[in-house]
Amino acid sequence: MSDYDVIVIGSGNAGLTAAVAAQRGGAKTLLLERHNIPGGCATSFVRGNFEFEVALHQLSGMGTDKRPFVLRQIFQKLGIMDKLQVVLEKELYRIVMPGQFDVSLPASWTGLRNTLTELFPSEIEGIEKFLSLCEKVTIEGFMMLPQAQRANDLNMLEKSCATYQKYGLKSAKSVVDECFQNPDLKSIITAYWCYLGLPTKDIPFCDLGAMIYSYAAFKPAHVKGGSQAISSALLESFMEAGGDIRFNCGAEKIFTENDCVTGVRTENGETFSCTSVISNTSPIHTFHELLDFEHAPQQAAEDMKSRRLGTSAFVLYLGLDCNPEDIGITAASNFIIDDRDEETAFKNMQSMTPPCHTMLTCYNFEDPSFAPPGKTSLSLLCLQYGQPWEAIPPEQYAPTKYAFAESLLDHAERVFPNIRAHIEEVEVGTPLTMMRYLNTPGGAIYGFAQNTQDGMLFRDRLDAIKGLFMAGCWNGMGGFQPTYMIGESTGRAAVKFIQKMQHSSQSKITSASKKQESAHA
């Protein structure tokens with residue numbers, strides 16, 4: 001008899017939701033976490049009087065009490081909605097290109113359409129078409145496409161997913177160019193490409209369209225207490241259901257027999273048997289270091305040959321001794337760009353060139369509880385790949401880090417003046433920081449590059465090892481909502497696998513028993 005039905009490696013978003021789904025689904029589950037708190041990116045830390053949110057900028061998928069969207073429904077199933085206080089944002093974002101435009105878009109589907117048509121009256125037809133496409137590919141992608149896939153029915157796909165078929169897998173840039181002429185409008189409507197980590201020519205329209213529609217129609221949100229509150233609620237739900245958790249205890253080895261999972265040894269030297277393992281760490285780490293194979297299974301090795309690591313990030317966590325309005329903040333989420341060409345920003349991400357695209361999030365703009373009274377909590381970041389930082393000599397790391405931080409402040413102060421004069425607390429995170437805390441290659445925050453060919457439609461699940469499931473952004477789209485969704489579905493898949501194995505074992509026992517009875521007769 002196994003010590004556990006399921007062992008989950010890593011308590012990031014997907015690991016936590018997978019563990020809760022598995023335990024609440026009837027599987028005896030152990031969760032292993034090498035850090036001393038749950039959450040991965042979904043955590044917070046304290047400096048002085050400030051508690052800083054690590055990674056969440058806007059939470060999508062929640063919807064409202066009256067109009068709940070998919071993530072609120074999942075959290076309800078996982079038993080945590082009554083533990084969370086959701087704060088809805090009034091605006092999608094403010095995007096500024098100094099000297100060119102300064103636009104704030106409302107968090108309203110009707111309001112978004114009205115704002116864009118007021119700003120660009122000559123583009124009304126294209127705006128209507130683009131927003132309609134965003135809505136249709138999102139609804140078809142979330143509702144009809146999975147049904148057609150499960151049924152393996154081409155006719156159903158053609159009838160129910162006509163817009164998705166035509167536009168969903170086109171590049172986001174091609175759809176934007178088809179709908180719009182004005183370059184400013186193109187930059188304004190595609191600001192969310194930074195949340196995906198690739199320029200619009202490299203991401204499928206279904207991903208960008210879903211982000212725009214989900215945020216505008218169902219509101220961007222925060223949770224009081226930050227993403228750490230979500231992680232803590234998930235852990236509490238897991239433990240209430242009888243799950244076991246080990247902190248400061250990473251996995252060292254996954255054991256197999258006849259290409260089936262049999263157990264896990266921890267870094268503390270304990271070994272536990274199990275029927276299934278859910279890995280929330282990268283496939284690179286899982287298949288090359290954790291599995292008791294000399295070489296990765298051929299299926300995994302072939303899959304990863306065509307993968308590219310996604311981006312990491314450089315982040316400044318700032319605690320200011322002033323109110324948000326004192327430095328000109330008028331929205332919680334802000335994009336500052338110097339160049340309409342995303343390729344320029346993407347090229348900078350792969351080097352040590354100062355950024356031309358930055359994101360500034362003010363957590364207490366919508367909810368004052370995110371900072372002490374009369375103060376401001378900020379996150380100022382740019383996307384950066386890990387490779388240039390790995391090449392920096394150790395003795396040059398600190399001065400390089402602080403010089404790069406100064407370049408971000410220079411960039412932001414053109415829109416939000418005098419940030420430096422109000423800094424009370426500051427912490428700097430580089431791609432190497434992400435690498436250390438997240439244990440991801442290159443400090444990747446979105447897993448593999450979020451391009452079309454790396455999407456779930458074009459990648460088979462890595463199933464060379466029976467009972468081994470991959471979860472998280474390495475198994476689909478990055479970001480908070482997608483990883484929570486992937487984790488929950490992976491937890492359910494593990495439960496189904498265990499039930500199937502148990503049924504098979506019971507059938508064999510019954511069959512053997514009947515044969516024995518027949519022999520005695």
Side-chain angles (χ1 to χ4, degrees), residues 52-53 55 57-58 91-105 183-184 186-188 190-199 311-320 322 324-363 365 376-386 388-389 392 398-434 443 445:
F52 291 108
E53 165 66 47
H57 297 278
Q58 291 181 305
E91 290 169 315
L92 297 183
Y93 52 80
R94 176 186 177 190
I95 180 168
V96 184
M97 184 174 182
Q100 300 296 317
F101 57 77
D102 184 342
V103 173
S104 295
L105 298 180
D184 288 347
K186 292 179 182 181
S187 293
I188 290 165
T190 58
Y192 277 143
W193 77 263
C194 292
Y195 284 5
L196 296 168
L198 288 174
T311 185
S312 186
F314 184 99
V315 191
L316 275 174
Y317 302 98
L318 299 165
L320 308 184
C322 64
E325 57 268 25
D326 294 333
I327 56 170
I329 290 177
T330 58
S333 297
N334 305 267
F335 297 91
I336 307 167
I337 69 173
D338 289 344
D339 200 309
R340 295 179 183 85
D341 183 8
E342 300 150 2
E343 290 299 314
T344 302
F346 186 62
K347 184 178 179 181
N348 287 359
M349 286 162 55
Q350 301 169 74
S351 71
M352 297 303 296
T353 305
C356 59
H357 278 50
T358 56
M359 292 170 272
L360 183 145
T361 303
C362 180
Y363 294 104
F365 179 77
T376 297
S377 178
L378 295 181
S379 166
L380 174 62
L381 71 86
C382 67
L383 299 178
Q384 280 269 291
Y385 278 85
W389 287 88
I392 296 171
T400 302
K401 176 173 74 170
Y402 294 120
F404 204 85
E406 293 288 350
S407 71
L408 259 72
L409 287 168
D410 288 339
H411 198 257
E413 283 197 322
R414 293 174 307 153
V415 178
F416 306 104
N418 299 319
I419 293 176
R420 282 183 177 88
H422 293 286
I423 293 177
E424 183 176 317
E425 296 288 345
V426 61
E427 188 60 80
V428 183
T430 75
L432 300 188
T433 312
M434 311 303 167
I445 57 175

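Taking CG from L318 and CD from E424, the interatomic distance works out to 11.5 Å, rounded to the nearest 0.5 Å. Separation of atoms CE (M359) and CG (L381) is listed at 4.0 Å; rounding is to 0.5 Å. Rounded to the nearest 0.5 Å, atoms SG (C362) and CG (L380) are 12.0 Å apart. With rounding to the nearest 0.5 Å, the separation of CD1 in I419 from SG in C322 is 9.0 Å. F346 CZ to C194 SG: the interatomic distance, rounded to the nearest 0.5 Å, is 11.5 Å. With values rounded to the nearest 0.5 angstrom, S379 atom OG is found 4.0 Å from Y363 atom OH.
Counting heavy atoms from C-beta on, the side chains of W193 and E342 come closer than 4.5 Å. The side-chain heavy atoms of E325 and T376, taken from C-beta on, include no pair separated by under 4.5 Å. Side chains of N334 and V415 form no contact here, defined as non-hydrogen atoms less than 4.5 Å apart. The side-chain heavy atoms of I329 and L378, taken from C-beta on, include a pair separated by under 4.5 Å.
Screening F404, Y385, Y402 against F314 for a ring-ring contact (aromatic ring centres under 6.0 Å, His included) leaves a single residue, F404.
Side-chain atoms of T311 come within 3.5 Å of backbone N or O of Q384 as a donor-acceptor pair. A distance-only check finds no donor-acceptor pair linking the side chain of E91 to the backbone of A332 [under 3.5 Å]. Of the possible donor and acceptor atoms, one in the side chain of R420 sits under 3.5 Å from a partner among the backbone N and O of E406.
Classification of the Y192-Y93 ring pair by plane angle, with boundaries at 30° and 60°, yields perpendicular.
In plain terms, the two heavy atoms of A331 and R94 that are nearest each other are CB-CB, 4.0 Å. When all heavy atoms of I336 and A412 are compared, the closest pair comes out as CD1-CA, 3.8 Å. Taking all atoms of both residues into account, the shortest heavy-atom contact from R340 to P183 is CD-CB, 3.9 Å. The two atoms that bring G443 and S312 nearest to each other are O-OG, 2.7 Å, heavy atoms only.
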Could you give me the CA-CA distance, side-chain angles and deciding distance for Y195 and F335, then say whether ring-ring contact (aromatic ring centres under 6.0 Å, His included) is met?
CA-CA 11 Å; Y195 284 5; F335 297 91; 5.8 Å; yes
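Taking a cutoff of 4.0 Å between a charged side-chain nitrogen and a carboxylate oxygen, D338 and R414 qualify as a salt bridge.
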